Protein chains: 2
Amino acid sequence: MVKAKNTSFDIAYRAGVSQSTVSRALRNSPLVNEETRLRVQAIAKELNYKVDKNASSLRTQRSGTIALLLFEDPTNDDSLINPFFMSMLGSITRACGNKGYDLLVSFQQMSHDWHADFEDTRKADGIILLGYGDYTDYEEKLIQLIEQETHFVRWGAEVKDLAVVSVGCDNFQGGYQLTEHVINNNRKNFAFLGGVSSGSPEFLDRYLGHCKALTDHNLVINTQLQFDAISTEESGHNAALNLIKGGEKFDAIMAASDLIAVGAMRALQEHNMRVPEDIAVFGFDDIPVASFTFPTLTTAKQDTMLAGELLVDKLLALVNGEEAKTELMATTLVVRQSCGSGH
Amino acid sequence: MVKAKNTSFDIAYRAGVSQSTVSRALRNSPLVNEETRLRVQAIAKELNYKVDKNASSLRTQRSGTIALLLFEDPTNDDSLINPFFMSMLGSITRACGNKGYDLLVSFQQMSHDWHADFEDTRKADGIILLGYGDYTDYEEKLIQLIEQETHFVRWGAEVKDLAVVSVGCDNFQGGYQLTEHVINNNRKNFAFLGGVSSGSPEFLDRYLGHCKALTDHNLVINTQLQFDAISTEESGHNAALNLIKGGEKFDAIMAASDLIAVGAMRALQEHNMRVPEDIAVFGFDDIPVASFTFPTLTTAKQDTMLAGELLVDKLLALVNGEEAKTELMATTLVVRQSCGSGH
DNA sequence: CTGAAAGCGCTTACAG
DNA sequence: CTGAAAGCGCTTACAG
């Protein structure tokens, strides 16, 4: 037989107080006598009583939960999620835990209607948006969320003309710094693998920073050496194959993400081009794989731990009716072996 | 001004019916007239009304939510979660979505008291346990969960003597199949990298399958060539360095996991030992990285999509008071380049 | 400091 | 097929 769950009334009965007092005692209300509080808490613990969150959330209209919407383009392998977002998921989960919030996770297809009604159903107090994909589709949904007065924050480049709180990296500066580092390693002919349209604003910013570094050092921007790619290993592999096939001379590849870089290195190695001796390769993100490749990958680290904290902090501020501002984090140059000067 | 949220009473008022009828209509109850139902649903949609889950969960004592406890040993990099479990997380999330359940995710330290009170607080109807670490610590917590009559399932090897529903892979068979494949590629001296104690039952089973394949093919099990490792790249790297330092002759390495294999390949390449020409290397799991390494990694695939579905299905069966049985899935041999016969 | 009571927004027996 | 009413288990003004 399953024993019926204890309620605050059961605790009250055992403690010889009213149910109201139990509720106050368990919430550490200053309105309750110290001794009473301790007695109630002891009994609650003994009976393994836990406050029913559905009831308390219904009463307080607060769920103590945040929803994370991880959206993505369809991939052939359903289980393959961009490792960078996986790191973010990890840090967001931890940041939520530190704040005493639970995290509801939901994967969404970029192309579908988002199941973003967690706040409407009162299951979550606010939403964190995380993902990539064509920005054009994305913007419409943001507008919808704003109209519904949903509390939300997002990871990514700043959104202009919309009252949206974003946390992102300074992609321009990151692209600049990486490129400058490799220029200082005496590379002159840079290829760039990654989409550079407004549909992928992060990649575009990285590219613009890259180009600025080139011109600041009196190097030529050769658009023949730019090939589109999305952030997958396969796409990076394809782009690098096209680059090689193109026949233009190059001695360095900036990949718009680490995953692209990994694919590019595979293509180079298949063509017996040595990294870094013949070609320097560098990426962006510093995903875990970046330190496992051979050679290990020079990249710009995005601080996912900090990002997770910022996203959660800002969302909770919004939930509490406070102000929150978009924030751009600096990236950190991580020098490894793939550009020839690493350890 | 924030507009007050609509309730079922508002919908009832607009539709000219009682609130009970609204509730029935929105739940597609057969008790409600077709025409009435459509009218109510139209109005609800128009007003963007969503049923308050806190209220309905309180009433029905069902949350429509599953909690996933992902526990792990502390790692130096907090954001680095075992990619295999990340794949599992992905498939579990999808499986939950397909069943109309939400997923609450929580990371736990193996060593800490688990925050496993999601069911006690009525935030979740059941719990999925996912993780690795020393099995000895783990068992105590399982017993605690059973005593609390918590609904839960877990990923991993079958647990003896405990009424626990597990979903796992046939690690013995996987180890056997992989080893046999490499034996057929004319390797004779096998090293094994991975812990082989009862604290890591999955690794132990893989090792036992490996050993069985060796003896079945009249090869010697050389315990000098077994080195402990946990499932990280670094640990695999260290174990391989020790193996190389040991000076025993070997021409193949079975790594207890892909992450260990990746670390081992790095160590080999640092010592100018070619994979697969000099040494065949194979892993276990088929994590995404396995197809990106150079050379790509031969391994045994654990079907994470199926695993996620099974875990969710079995948990929901338990939640509904039905029977659920422990299930062992077959692994699939994935032949790539690292053992010399791949494409 | 404590208690009695209202009410959060639903679902579902019960009565018709 | 529909409605009035009870009740899920809390939190918190209100009264003392």
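Everything quoted here is computed from the prediction, not taken from an experiment. Below, chain A is the first sequence line, B the second, and so on; all start at residue 1.
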message: Let's go through F152(B) and L69(B) carefully: what are the C-alpha distance in whole Å and the side-chain angles of both, what is the deciding distance for side-chain contact (heavy atoms from CB on, under 4.5 Å) to 0.1 Å, and is it a yes or a no?
response: CA-CA 10 Å; F152(B) 75 100; L69(B) 261 52; over 6 Å; no

- line: Residues passing the salt bridge (charged side-chain N to carboxylate O under 4.0 Å, His left out) test with E327(B), sequence neighbours excluded, are K314(B)

Polar side chain donor-acceptor pair, S23(A) to S20(A), under 3.5 angstrom: no

message: Counting only heavy atoms and a strict 4.0 angstrom limit, can you tell me which residues of residues 48-56 of chain A come near DNA chain D?
response: Y49(A), V51(A), D52(A), A55(A), S56(A)

message: Before you tell me yes or no, could you show the steps for Y49(A) and L26(A) under side-chain contact (heavy atoms from CB on, under 4.5 Å), namely the whole-Å CA-CA distance, both residues' side-chain angles and the distance that decides it to 0.1 Å?
response: CA-CA 10 Å; Y49(A) 168 78; L26(A) 295 178; 3.3 Å; yes

- prompt: Is there a side-chain contact between E139(A) and L162(A) (heavy atoms, below 4.5 Å)?
  reply: yes

query: With no hydrogens and no angle check, do the side chains of R154(B) and S166(B) hold a donor and an acceptor under 3.5 Å apart?
result: yes

Selection: residues 39-47 of chain A, any non-hydrogen atom under 4.0 Å of DNA chain C: none

task: Go through the structure and list residues passing side chain to side chain donor-acceptor pair (under 3.5 Å) with E202(B), not counting sequence neighbours.
output: none

field: Residues D313(A), K99(A): salt bridge by 4.0 Å N-O rule
entry: yes

task: Return the residues of residues 11-22 of chain B meeting this criterion: a heavy atom under 4.0 Å from some atom of DNA chain C. Order them by number, or give none.
output: Q19(B), S20(B)

- request: Return yes if a side-chain donor-acceptor contact under 3.5 Å exists between N28(A) and Q41(A), otherwise no.
  value: yes

query: At what distance, to the nearest 0.5 angstrom, does NZ of K50(B) lie from NZ of K45(B)?
result: 9.5 Å

task: Please work out if S23(B) contacts a base, only the sugar-phosphate, or nothing of the nucleic acid, heavy-atom cut-off 4.0 Å.
output: base

statement: salt bridge (Lys or Arg N to Asp or Glu O under 4.0 Å) pairs touching residues 9-31 of chain A, sequence neighbours excluded, are none

- prompt: Less than 4.5 Å apart, any side-chain heavy atom of L47(A) and any of I11(A)?
  reply: yes

query: Is there a donor-acceptor contact under 3.5 Å linking the side chains of S63(A) and D125(A)?
result: yes

field: Contiguous pairing runs of three or more, Watson-Crick or G-U under 3.5 Å, that involve DNA chain D
entry: C:1-3 with D:14-16, C:5-12 with D:5-12, C:14-16 with D:1-3

task: Among residues two or more places apart or on two chains, list those pairs meeting salt bridge (Lys or Arg N to Asp or Glu O under 4.0 Å) that have a residue in residues 28-39 of chain B.
output: E34(B)-R37(B)

task: Kindly write out the residues that satisfy side chain to side chain donor-acceptor pair (under 3.5 Å) with T93(A), not counting sequence neighbours, or none if the list is empty.
output: none

- request: Enumerate the residues from residues 24-37 of chain A whose closest heavy atom to DNA chain D is under 4.0 Å, giving them by residue number; use none for an empty result.
  value: R24(A), R27(A)

message: For K53(B), give me all partners under salt bridge (charged side-chain N to carboxylate O under 4.0 Å, His left out), at least two apart in sequence or on another chain.
response: none

Covered region of DNA chain D, 5' end to 3' end, by chain B [heavy atoms, under 4.0 Å]: dC1(D) to dG9(D)

task: Decide whether N98(A) and E309(A) meet the rule of one side-chain donor and one side-chain acceptor closer than 3.5 Å.
output: no

